[in-house]
Amino acid sequence: MLVWMLRKVMAERGVWTGAALARLLKEKANYSLSPASISALLTSQPKQMKTETLDALCTALECTPNDLWAYTPPNRVEGA
């Protein structure tokens, strides 16, 4: 199971609001996202994402995709 960790990564870097994230995206990655898109990224796990958006987030937050997503293997049922 994948878990979206954007809020955690932002907090670790002292980025507390969507507006601050938007500024970082513009300043560091020259990338713009609408306020609605940023809100969606902050409130729910994305079902799909453009590679350009993932790249911009990683650039702006100085992280890797592995920081933004945590993987937990599903529980296996014995004998299945």
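Numbers here simply count residues along the sequence, with the first being 1.
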**Item:** Shortest non-hydrogen contact between L61 and L24, atoms and distance
**Value:** CD2-CD1, 4.2 Å
**Asked** For the side chain of T59 and the backbone of D55, is there at least one donor-acceptor N/O pair under 3.5 Å apart?
**Response** yes
**Message:** Once rounded to the nearest 0.5 Å, what's the spacing between atom CG of L21 and atom CG of L42?
**Reply:** 6.5 Å
**Request:** Might you point out which heavy atoms bring G18 and I38 nearest each other, and give the distance in Å?
**Result:** CA-CG2, 3.7 Å
**Least distance between heavy atoms, L57 atom then W4 atom** = CD1-CH2, 4.1 Å
**Asked** Distance-only, no hydrogens or angles: does the T53 side chain make a donor-acceptor pair with backbone N or O of M49 under 3.5 Å?
**Response** no
**Any side-chain heavy-atom pair of L25 and S32 under 4.5 Å** = no
**Rounded distance [0.5 Å steps], NZ in K8 versus SG in C63** = 11.0 Å
**Message:** Whether the side chain of Q45 engages the backbone of L2 through a donor-acceptor N/O pair (distance < 3.5 Å, no angle test) should be reported.
**Reply:** yes
**Prompt:** W69 side chain to L6 main-chain N or O, any donor-acceptor pair under 3.5 Å?
**Reply:** no
**Request:** For residues V9 and D67, report the shortest heavy-atom separation together with the two atoms involved.
**Result:** CG2-O, 3.3 Å
**Fill in**
Closest non-hydrogen contact found for E62 with R13 is O-NH2, 3.4 Å
**Item:** Backbone N/O of S39 and side chain of T43: donor-acceptor pair under 3.5 Å
**Value:** yes
**More than 12 heavy atoms of other groups within 6.0 Å of K28 NZ** = yes
**Asked** Got Y31 and K26 here, is their nearest side-chain heavy-atom distance under 4.5 Å?
**Response** no
**Item:** Connected via hydrophobic side-chain network under 4.5 Å: L68 and Y71
**Value:** yes
